[in-house]
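Notes follow once the structure below has been shown.
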Number of protein chains: 2
Amino acid sequence: MNSRLFSFCGGLTGDWMVTSIRAICGETLPDAERLHIHQGLGNAHEALSSDTKWFLRGVTSNDRYVTRPEKELLVARQAPLGRATATHAALIPIRKSAAWWAMTQDERRALFEEESHHIKIGMDYLPAIARRLHHCRDLESKEPFDFLTFFDFAPGDEPLFDRMLEKLRSTREWSFVDREVDIRLKKVTPT
Amino acid sequence: MNSRLFSFCGGLTGDWMVTSIRAICGETLPDAERLHIHQGLGNAHEALSSDTKWFLRGVTSNDRYVTRPEKELLVARQAPLGRATATHAALIPIRKSAAWWAMTQDERRALFEEESHHIKIGMDYLPAIARRLHHCRDLESKEPFDFLTFFDFAPGDEPLFDRMLEKLRSTREWSFVDREVDIRLKKVTPT
């Protein structure tokens, strides 16, 4: 099993309560009460259970667009997932169009950063918003999305997070997004 | 199942006779008599059979380094796999070091092309040498290699192919290759 693999299981169990599921573009995902995040393949029983409404997987991987100076700024500013204050979160699965994937590396980079300022926009919201990006396009299974990004933040920073998404979604890069679902989450308090 | 997935099964069956298996760097692969190439996951029975000596998988994917002008030159010159004259072939599985994957995109591109001329070297051997690159690093399973490249060519072009490999293996990019196996193949003539 790839040690960089994470599974996201929407169903009845898990540490995160699903507060909303909203399609931004394309088809939505079915409602689920909880999100269970596994490092690895997860639980085969859970994946196949009728209580499971969706089961998404992705791997963290090497940087695809970032340059060394950008990386150093990111590393200096970013916070890790799982801070005690980060009790709100979002899982945002995205698929990009065939036109995006047909572009060469230089064309995608120019659109991603020089034109759309994806890295620069994200940078303005560090360290409040922590994130982990997972790639799904090159798994052996056919996946419904190309990327899964998991974000966490303090409840008071959710408006900040919404502002960041609004900026990103207004870029030309986002005109290549053909499916996007916005799943909001709240940490379940142990009882 | 990902429609871009290919499986390479070394064992007793398949259209390609294995003429040699040689480790260039790191551990070799066990001897096998034949190579069976499947589009897709292949045959579960075959993958698990004791006759199977190794079972490698990878997906074709979007371009990672090539620029648009380079891509246009490649597309104009390259030949497809499977020409009637291309009765010799090679499968070359490669793994790159952690240091390679820790680099940012601009650093990897500079090393790959500006310093090592990977694309430029390959270009000189088109259309004689046809190739298909498969990525294995971001599959859900832990794979022994990062890339599988399958090449085919006419028997008379094998010395040309060897010259190309010699040039590539002498580049600084190759100092980041920590496992490489060179598997040579000959098409089985239907009887």
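Side chains are part of it too, since the values below use all heavy atoms of this structure and drop only hydrogens, waters and symmetry mates.
- R68(A) touches chain B through backbone and side chain together, each having a heavy atom under 4.5 Å away.
- Placement of M164(B) and I94(B) within a single hydrophobic cluster is found when ILVMFWY residues are connected by side-chain heavy-atom separations under 4.5 Å, directly or transitively.
- Annotation: residues 103-116 of chain B contacts chain A through M103(B), T104(B), Q105(B), D106(B), E107(B), R108(B) [non-hydrogen atoms, separation under 4.5 Å].
- Between the E140(B) side chain and the E140(A) main chain, a donor and an acceptor come within less than 3.5 Å of each other.
- If you take CG on D138(B) and CZ on R137(A), they are separated by 12.0 Å, rounding to the nearest 0.5 Å.
- Residue R83(B) qualifies as enclosed at atom CZ: its count of foreign heavy atoms under 6.0 Å is above 12.
- In this structure, the separation between OG on S3(B) and NZ on K142(A) is 6.0 Å, given to the nearest 0.5 Å.
- Contacts between R64(B) and chain A at a heavy-atom distance below 4.5 Å involve backbone atoms as well as side-chain atoms.
- With sequence neighbours excluded, no residue forms a side chain to side chain contact (heavy atoms under 4.5 Å, CB included) with A98(B).
- Of the two parts of L139(A), the backbone and the side chain both hold a non-hydrogen atom closer than 4.5 Å to a non-hydrogen atom of chain B.
- In terms of hydrophobic clustering, with Ile, Leu, Val, Met, Phe, Trp and Tyr side chains grouped at heavy-atom distances under 4.5 Å, L148(A) and I183(A) are assigned to a common cluster.
- The neighbour count for D124(B) CG, taken as heavy atoms of other residues, nucleotides or ligands under 6.0 Å away, is above 12.
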